[in-house]
Peer 1: 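Sharing a structure below in structure tokens format, with a few things to ask.
In this text the structure is predicted, and so the values were computed from the model without any measurement. Side chains included, hydrogens not; waters and symmetry mates left out as well; all remaining heavy atoms used.
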Amino acid sequence: MRVPVFTVAEWAASGMSRRRFEVPTLPPAVLARVAEALAQPVTADWVGLDVTAAVRLIVQAVRDGGDAALRRLTLAFDGVDLASIEVGPEARREGAARVAPEDRAAIDLAAKRIEAFHALQAPSPIVTAEIELRPLPLRRAGIYIPGGHARYPSTVLMNAIPARIAGVAEVVMVTPPGPDGAVPPAVLYAAEVAGVHRVFAIGGAQAVAALAYGTESIPAVDKITGPGNVFVTLAKREVFGAVDIDGLAGPTEIMVVADESADERQVVVDLASQLEHDPLAWAVLVTDSEPLARRVAAALGEDDLANRFTAGLGAPADPRSVGSEAGEALHAAVVVAPDVATAVEVANDFAPEHLELLVRDVEEHLPQVRAAGMVFTGAHSPVPMGDYVAGSNHTLPTGGAARYASPLGVYDFYRWTTVVNLSAATAREIAPAAIMLSRLEGLPAHERSLRHLLTRLEEN
């Protein structure tokens with residue numbers, strides 16, 4: 001593949017720097033599968049149906065049809081006829097027991113480090129003499145773990161451990177069944193380690209709908225976290241309001257800010273590591289060294305890993321993307337900046353999910369970073385360490401959401417309740433101002449309530 005090299009001005013004008021999540025139109029084959037799963041004919045109304053509309057129909061089908069709709073949709077989309085939607089305790093134990101000792105040890109180490117870091121995040125009440133803000137754990141949380149042909153035990157740990165530390169009474173996990181209808185043993189073992197209460201072999205938009213509204217088998221939850229494909233992401237957006245969500249996950253992103261002191265090969269392999277997740281993943285180097293820029297662009301273009309996951313993509317549908325020539329990576333690029341400070345500003349504007357600072361003066365430039373899901377500094381902290389065992393959470397904002405959103409944490413599994421207990425002296429002192437404000441806003445019933453309060457205070 002060919003990786004283009006931009007100046008800062010060219011990068012800003014290319015459209016890549018302003019990337020945002022866009023809803024695709026369903027290809028005819030996928031459209032036919034959705035229509036078949038919903039038992040609806042592909043009529044003229046379905047032509048050009050986008051994923052948002054399809055997801056809305058799937059969510060409604062589950063809301064109306066419960067477990068029967070889940071089984072029908074799982075058969076249509078995953079090719080699995082489920083005998084049981086839930087993975088029972090015995091099946092979970094048997095699956096977890098099949099995990100090799102060395103894999104157990106790796107999962108255990110990751111869980112230990114994740115728990116140690118997240119335990120520090122538990123909030124404390126905010127208390128004054130008359131007002132208290134209490135953090136209360138959610139009653140039930142749902143976590144979505146991508147699956148099917150893949151397995152992500154690390155994502156189980158990243159979502160379930162913070163919920164358990166927060167004191168969530170019940171953590172419910174959904175994950176797509178494999179071709180054999182089973183959940184991978186490593187995922188089941190991670191669920192045991194992380195303290196997941198119930199596991200369901202259901203994926204896609206239908207799983208999100210089940211968590212949001214409940215079915216005969218799956219209880220409705222208060223919040224849904226965890227990444228997924230575009231169907232999952234849009235289903236989370238569709239049910240938001242009925243439940244809370246952690247955010248809308250898009251393709252993974254890495255941006256590396258490097259100077260001439262950076263290890264060239266480390267830059268290449270770190271960029272390539274995120275292309276492994278998704279052909280639409282972002283991998284961008286910003287550097288003040290033009291020789292490094294040219295060498296990394298050439299090396300990334302030759303990297304086996306990078307090529308493996310972008311091969312056959314052809315020209316991007318959006319001509320504003322990297323380029324229009326077949327053989328270019330959709331979202332891989334190199335940007336040459338006049339200095340490191342400007343390179344960091346490029347990163348701030350992009351607000352990447354993962355930002356690596358591979359520069360000589362890290363302490364000088366780290367305070368300049370204002371928008372990134374997670375920042376990795378120094379030569380010994382590549383992004384995959386954060387994906388697995390650093391202890392930080394790898395559920396991060398994407399698509400520019402790092403401008404306002406944060407990594408998933410224990411704090412995400414609380415809601416805050418305010419308790420107001422005014423003294424008689426304070427009530428007497430501030431009620432007249434409240435009466436004036438109620439008049440100003442034209443709310444006479446508010447004024448009557450406040451005047452009744454004052455009357456009671458005078459009587460006492």
Peer 1: What are the two closest heavy atoms between Val359 and Ser261, and how far apart are they?
Peer 2: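 Here Val359 and Ser261 meet closest at C-OG, 3.9 Å.
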Peer 1: Could you walk me through whether Glu353 and Thr252 pass the side chain to side chain donor-acceptor pair (under 3.5 Å) check?
Peer 2: CA-CA 7 Å; Glu353 177 188 16; Thr252 190; 2.8 Å; yes
Peer 1: Could you tell me which non-hydrogen atom of Leu157 sits nearest to which non-hydrogen atom of Ala190, and how far apart they are?
Peer 2: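 Minimum heavy-atom separation between Leu157 and Ala190: CD2-O, 3.8 Å.
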Peer 1: Counting only heavy atoms not in Glu363 (residues, nucleotides, ligands), do more than 12 fall under 6.0 Å from its CD?
Peer 2: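 Atom CD in Glu363 is not packed in, count stays at 12 or less.
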Peer 1: Can you confirm whether the side chains of Thr225 and Asn159 place a donor and an acceptor under 3.5 Å from each other?
Peer 2: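 On atom types as modelled, these side chains qualify, holding a pair under 3.5 Å.
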Peer 1: Decide yes or no for Pro352 and Trp282: does some side-chain heavy atom of the first lie under 4.5 Å from some side-chain heavy atom of the second?
Peer 2: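 The answer is no, as the side chains (C-beta and beyond) never meet within the 4.5 Å cut-off.
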Peer 1: Which heavy atom of Pro397 sits nearest to which heavy atom of Ser406, and what is that distance?
Peer 2: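 Closest approach of Pro397 to Ser406: CD-O, 3.7 Å.
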Peer 1: What verdict does the side-chain contact (heavy atoms from CB on, under 4.5 Å) test give for Met385 and Asp387, after you've listed the backbone C-alpha separation in whole Å, the side-chain angles of each residue and the deciding distance to 0.1 Å?
Peer 2: CA-CA 5 Å; Met385 293 292 274; Asp387 285 341; over 6 Å; no
Peer 1: Going from CE on Met158 to CD1 on Ile145, what distance comes out if it is rounded to the nearest 0.5 angstrom?
Peer 2: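 These two atoms lie 11.0 Å from each other.
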Peer 1: CD of Glu10 to OG of Ser17: how many Å apart, nearest 0.5 Å?
Peer 2: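 It is 12.0 Å, given to the nearest 0.5 Å.
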Peer 1: Just by distance, do the side chain of Glu356 and the backbone of Phe376 share a donor-acceptor pair under 3.5 Å?
Peer 2: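 Not a single qualifying donor-acceptor pair exists.
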Peer 1: State whether a side-chain donor-acceptor pair under 3.5 Å links Glu345 with Gln368.
Peer 2: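 Side-chain D/A pair, Glu345 to Gln368: present.
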Peer 1: Keeping Arg370 on the side-chain end and Asn348 on the backbone end, is there a donor-acceptor pair under 3.5 Å?
Peer 2: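 No; zero donor-acceptor contacts below 3.5 Å.
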Peer 1: Is the shortest side-chain heavy-atom distance between Asp288 and Val336 below 4.5 Å?
Peer 2: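 When only atoms from C-beta onward are counted, Val336 and Asp288 do not touch, as no gap falls below 4.5 Å.
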Peer 1: Given side-chain contact (heavy atoms from CB on, under 4.5 Å), test Val269 with Gln266 step by step and report yes or no.
Peer 2: CA-CA 5 Å; Val269 296; Gln266 190 69 55; 3.9 Å; yes
Peer 1: Might you point out which heavy atoms bring Leu73 and Ile58 nearest each other, and give the distance in Å?
Peer 2: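 So the two residues come closest at CD1-CG2, 3.9 Å.
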Peer 1: At what distance, to the nearest 0.5 angstrom, does OG1 of Thr52 lie from CZ of Arg56?
Peer 2: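 It comes to 6.5 Å.
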Peer 1: Do Glu264 and Leu292 touch side chain to side chain, with heavy atoms closer than 4.5 Å?
Peer 2: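 Touching, per the 4.5 Å side-chain cut-off.
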Peer 1: Return the OG1 to CG distance between Thr418 and Leu133, rounded to the nearest 0.5 Å.
Peer 2: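 Reported value, rounded in 0.5 Å steps: 4.5 Å.
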Peer 1: If we ignore angles and hydrogens, is there a donor and acceptor under 3.5 Å between the side chains of Thr426 and Glu130?
Peer 2: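 Result is yes, a qualifying pair exists.
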Peer 1: Has the side chain of His197 got a donor or acceptor atom that lies under 3.5 Å from a matching backbone atom of Val171?
Peer 2: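 Yes; judged by distance alone, with no hydrogens or angles, the pair exists.
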Peer 1: Do Asp259 and Leu358 have side-chain heavy atoms sitting under 4.5 Å apart?
Peer 2: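 They are not in side-chain contact.
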Peer 1: Could you check whether any side-chain N or O of Tyr189 sits under 3.5 Å from a backbone N or O of Asp103, counting only pairs where one atom can act as donor and the other as acceptor?
Peer 2: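 No; judged by distance alone, with no hydrogens or angles, the pair does not exist.
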Peer 1: Quick test of your reading of the model: are Asp412 and Lys223 salt-bridged, counting only N-O distances below 4.0 Å?
Peer 2: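 Between Lys223 and Asp412 there is a salt bridge, with a charged N closer than 4.0 Å to a carboxylate O.
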Peer 1: Measure the OG1-CZ distance between Thr215 and Phe200 for me, rounded to the nearest 0.5 Å.
Peer 2: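 It comes to 7.0 Å.
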Peer 1: Check this for me, if you would: do Asp246 and Lys236 make a salt bridge, where the nitrogen-to-carboxylate-oxygen distance has to be below 4.0 angstrom?
Peer 2: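 A salt bridge is present here (some side-chain N lies under 4.0 Å from a carboxylate O).
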Peer 1: Give a yes-or-no answer on whether the side chains of Thr398 and Glu253 include a donor-acceptor pair shorter than 3.5 Å.
Peer 2: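 Result is no, nothing qualifies.
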Peer 1: Output yes when Arg164 and Glu170 qualify as a salt bridge under the 4.0 Å nitrogen-oxygen rule, no when they do not.
Peer 2: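 Judged by the 4.0 Å cut-off on N to carboxylate O distance, Arg164 and Glu170 do not form a salt bridge.
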Peer 1: Looking at every non-hydrogen atom in both residues, tell me the closest pair between Pro338 and Val8 and how far apart they are.
Peer 2: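 It is CD-CG2, 4.1 Å.
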Peer 1: Which pair of heavy atoms, one from Pro146 and one from Thr175, lies closest together, and at what distance?
Peer 2: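 Heavy-atom minimum between the residues: O-OG1, 3.8 Å.
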Peer 1: About how many Å separate CZ of Arg294 and OG1 of Thr287, when rounded to the nearest 0.5 Å?
Peer 2: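 These two atoms lie 11.5 Å from each other.
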Peer 1: Quick one: do Asp222 and Arg140 make a salt bridge, cutoff under 4.0 Å?
Peer 2: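 Looking at Asp222 and Arg140, the cut-off is not met.
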Peer 1: Does any N or O in the side chain of Arg18 come within less than 3.5 Å of the main-chain N or O of Ala12, such that one atom is a donor and the other an acceptor?
Peer 2: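 At least one qualifying donor-acceptor pair exists.
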Peer 1: Checking the side chain of Arg151 only, and the main-chain atoms of Pro184 only, is there a donor and an acceptor separated by less than 3.5 Å?
Peer 2: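 A pair under 3.5 Å: no.
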Peer 1: Are side-chain heavy atoms of Val256 and Val286 found at a separation under 4.5 Å?
Peer 2: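 No, too far: nothing below the 4.5 Å cut-off.
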Peer 1: May I ask you to test the Val232-Tyr144 pair for a side-chain heavy-atom distance under 4.5 Å?
Peer 2: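 The answer is yes; the side chains approach within 4.5 Å.
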Peer 1: Give me the one residue out of Val59, Val55, Asp78 that meets side chain to side chain contact (heavy atoms under 4.5 Å, CB included) with Gln206.
Peer 2: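 Running side chain to side chain contact (heavy atoms under 4.5 Å, CB included) over Val59, Val55, Asp78 with Gln206 returns exactly one hit, Asp78.
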Peer 1: Main chain of Tyr388, side chain of Arg113: is a donor-acceptor contact present, judged purely on distance under 3.5 Å?
Peer 2: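 No; judged by distance alone, with no hydrogens or angles, the pair does not exist.
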Peer 1: Using a 6.0 Å cut-off, check whether atom CZ of Arg134 has over 12 heavy atoms from anything other than its own residue.
Peer 2: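 Open.
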Peer 1: Verify the distance criterion only: is there a donor paired with an acceptor across the side chains of Thr342 and Asp339 at less than 3.5 Å?
Peer 2: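 Looking only at side-chain atoms, Asp339 and Thr342 do form a donor-acceptor pair, the distance falling under 3.5 Å.
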Peer 1: Do Arg92 and Glu192 have side chains that approach each other closer than 4.5 Å (heavy atoms only, starting at C-beta)?
Peer 2: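 Side-chain contact under 4.5 Å: yes.
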Peer 1: Test side-chain contact (heavy atoms from CB on, under 4.5 Å) on Tyr213 and Val62; report intermediate values, then the result.
Peer 2: CA-CA 8 Å; Tyr213 300 112; Val62 174; over 6 Å; no
Peer 1: Please determine whether side-chain contact (heavy atoms from CB on, under 4.5 Å) holds for the pair Val187 and Tyr152, giving the CA-CA distance in whole Å, both sets of side-chain angles, and the decisive distance to 0.1 Å.
Peer 2: CA-CA 6 Å; Val187 171; Tyr152 293 100; 5.6 Å; no
Peer 1: Exactly one of Val334, Asp349, Val346, Val5 should register a side chain to side chain contact (heavy atoms under 4.5 Å, CB included) with Trp11. Which one does?
Peer 2: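 Passing option: Val346.
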Peer 1: Give a yes or no on whether the backbone of Gly400 and the side-chain of Arg403 come within a donor-acceptor separation of less than 3.5 Å.
Peer 2: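 Yes, because the side chain of Arg403 sits within donor-acceptor range (under 3.5 Å) of the backbone of Gly400.
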Peer 1: Would you say that Leu188 contacts Pro185 through its side chain, given a criterion of any heavy-atom pair below 4.5 Å between the two side chains?
Peer 2: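 When only atoms from C-beta onward are counted, Pro185 and Leu188 do not touch, as no gap falls below 4.5 Å.
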